[in-house]
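These notes are about the structure you will find just below.
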Amino acid sequence: MGTTGQGYVSEVNGPMEPRRSGVGRVLVAVRLTVVSGVIGAALAALVVGVILKDVPVLATGGGVLALLVLLALLGGRRGAGRDEPPAPRTALARIEDLRATGGETADVPVTFRLTVVPEPEDERPAYRVKISQSINLVDIPAYRPRGIAVVEYHPEKPWDVRIVTRPTPEWSRRAEEAEIDSAPESTLVRDPDGGAGAWCLLVLVGLLAGAALVVLSFRGELFASPSPSGAPGAPKESSSSSASRTFSTSTTVSGPSSSLLTFGRMRATAMELETRVGTAYVASITIEDHRMAVRGDSALPPAETVHLQSLPYELFPGLVREARTTLGVRDPESWRIDVTPGTGGGLGPRVRVTVSGAEGTAHLDADATGRVTDRRAVGVS
């Protein structure tokens, strides 16, 4: 039984849920700014009271701080008595895009963009989410754009999503049979507390505003003459434009175990090239013993490109070994892997391994999972 994301349109575009979310965040921001301002004013009152030896000002600042501490303690006790959040739920998700962000260990940090389809009992439409999760190097080829994954999510925190790397047989079967449509970008959910920098800025502004209000109220007694401060210069705006561009680059590996057949070396080199060209989507990849090269065109749609991090690099050495020993080339002098997009029908990338020797040239073809699909031995046209 397939699963689709087509049932979300009317619910996502409904007027109530997004509006409540926006108003709630504004109220939280206002409350945080006001509380920070009160704290800043109370601290400034303590300092001003000590400097001016003004007991009423000192007592007011101390009393406000004591009241805030008491309210914080009462709020903490009330929060501790709340019910535990519901357990995470299991669901299916469509992988819209993925990008590996490291490769120094066996577990590679990967950033995923997913369309999550909650279970019907949650009465929630499909939505998009962006997560980061460490995936074992061997398991990365199982996750490809437009593929289906099993995930866990929290009903009350839809942004808290984790890919289940070892799902149960039942969920594995559902993932194989499911067909999920992409949710629109407007359904992307984020952690409301994830913008720590913005919240810290609000706290700082509130503290400074409260302190400035108290200091300015007593400026005549504190300062003989105010010193003007220079206005900061307006920041310069920078603009950039992007246009269609073709690109090609290559890198040569050297040093101990410099062959690209060394385990993990191909993927690390591909990540280096991805960083250099600024995109994971390329038109072709060429891999030789000590060299890897890519070329591409930013105007090409994703369907006509190869995603650098979705290839099963860990299986390529086995394909090279098979080509060198089974295609009639007794003493291979060189080998090369060419990866190009599939041709029509939703096929994945095509992997061609070519070996050359005194007898001639031979090659074998494989699909995106490393399965051999065709062989051309020496002398076979």
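Nothing fancy with the numbering, it's 1 onward along the sequence. Predicted model, so just to flag it, every value in this text is computed and none were measured.
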Which heavy atom of L65 sits nearest to which heavy atom of L46, and what is that distance?
CD1-CD1, 3.3 Å

Grab the two heavy atoms, one from L273 and one from S250, that are nearest each other, plus how far apart they are.
CD2-C, 4.1 Å

CZ on R375 to NE2 on H363, rounded to 0.5 Å:
11.5 Å

Pairs flagged by salt bridge (charged side-chain N to carboxylate O under 4.0 Å, His left out) wherever residues 303-319 is involved - sequence neighbours left out
R267-E314

Hey, could you give me the CG/CZ distance between D331 and R324, rounded to the nearest 0.5 Å?
8.5 Å

pair D54-P56: side-chain heavy atoms closer than 4.5 Å:
yes

Side chain to side chain contact (heavy atoms under 4.5 Å, CB included) between R128 and E185, intermediate numbers included
CA-CA 7 Å; R128 285 206 182 199; E185 285 289 345; 2.7 Å; yes

Step-by-step side chain to side chain contact (heavy atoms under 4.5 Å, CB included) determination, M266 to L261
CA-CA 7 Å; M266 283 191 193; L261 295 179; 4.0 Å; yes

L188 reachable from L114 in the ILVMFWY side-chain graph, under 4.5 Å edges:
no

Residue that, paired with R352, satisfies salt bridge (charged side-chain N to carboxylate O under 4.0 Å, His left out) out of D338, D365, D374:
D365

Please examine the side chains of F247 and T279, heavy atoms only from C-beta on, and report whether any two atoms are closer than 4.5 Å.
yes

The reported gap from CD in E322 to CG in L327 (rounded to nearest 0.5 angstrom) is 7.5 Å

Correct closest heavy-atom pair for P349 and V339 would be CB-CG1, 4.0 Å

For a side chain to side chain contact (heavy atoms under 4.5 Å, CB included) with W335, tell me which candidate from L319, V329, I287 qualifies.
I287

Find the distance between CG (L364) and CZ (R376) and round it off to the nearest 0.5 Å.
11.0 Å

Would you say T286's side chain and A293's backbone share a donor-acceptor pair under 3.5 angstrom?
no

Do you know the tightest heavy-atom contact between A178 and I148?
O-CG1, 3.9 Å

Has the side chain of T275 got a donor or acceptor atom that lies under 3.5 Å from a matching backbone atom of M271?
yes

Less than 4.5 Å apart, side chain to side chain, heavy atoms only: is that true for R144 and H307?
no

If hydrophobic clusters are built by linking Ile, Leu, Val, Met, Phe, Trp and Tyr wherever their side-chain heavy atoms come under 4.5 Å apart, do L52 and V47 end up in the same one?
yes

Quick one, V205 with L201, criterion side chain to side chain contact (heavy atoms under 4.5 Å, CB included). Give me CA distance, side-chain angles, the key distance, then yes/no.
CA-CA 6 Å; V205 170; L201 181 61; 4.2 Å; yes

Under 3.5 Å donor-acceptor pairs involving side-chain atoms of residues 134-143, not counting sequence neighbours:
unit_1	atom_1	unit_2	atom_2	d
N136	OD1	V138	N	3.0
N136	ND2	D107	OD1	3.4
D139	OD2	R166	NH1	3.2
D139	OD2	R166	NH2	3.2

Got a donor-acceptor contact below 3.5 angstrom from the T115 side chain to the A183 backbone?
yes

So does I163 get a backbone contact from the side chain of Q133, meaning a donor-acceptor N/O pair under 3.5 Å?
yes

How close do A93 and V151 get, heavy atom to heavy atom, and via which atoms?
CB-CG1, 3.8 Å

Heavy-atom check, side chain of V38 versus side chain of V64, under 4.5 Å:
yes

State, with a plain yes or no, whether a side-chain heavy atom of S356 is found less than 4.5 Å away from one of E333.
no

Would E170 and R173 pass as an ion pair if we require N to O under 4.0 Å?
yes

Determine whether R89 and Y153 make a side-chain contact, defined as any pair of heavy atoms from C-beta on separated by less than 4.5 Å.
yes

Do V320 and V372 share a hydrophobic cluster, counting only Ile, Leu, Val, Met, Phe, Trp and Tyr and linking them when any side-chain heavy atoms are less than 4.5 Å apart?
yes

In Å, rounded to the nearest 0.5 Å, how long is the span from CZ of F112 to CD of E96?
12.5 Å

Salt bridge R99-D97, side-chain N to carboxylate O under 4.0 Å:
no

Any side-chain heavy atom of L92 sitting closer than 4.5 Å to one from V150?
yes

In terms of heavy-atom contacts, P158 and V129 come closest through O-CG2, 4.4 Å

Please determine, by modelled atom types, if S182 and R94 share a side-chain donor-acceptor pair under 3.5 angstrom.
yes

Got P145 and L98 here, is their nearest side-chain heavy-atom distance under 4.5 Å?
yes

Could you go through F316 and V353, starting from their C-alpha distance and side-chain angles, then the distance that decides it, and tell me whether this counts as side chain to side chain contact (heavy atoms under 4.5 Å, CB included)?
CA-CA 9 Å; F316 285 0; V353 183; over 6 Å; no

Do F263 and L315 sit in one hydrophobic cluster, given that two such residues count as connected whenever their side-chain heavy atoms are within less than 4.5 Å of each other, even indirectly?
no

Check the hydrophobic clustering (I, L, V, M, F, W, Y; side-chain heavy atoms under 4.5 Å; chains of links allowed) and say if V108 and I131 are grouped together.
yes

Mind jotting down which residue pairs meet the salt bridge (charged side-chain N to carboxylate O under 4.0 Å, His left out) criterion with at least one end in residues 276-295? Sequence neighbours excluded, please.
E272-R276, E288-R291

Interatomic distance, OG1@T33 vs CG@L204, rounded to 0.5 Å, equals 11.0 Å

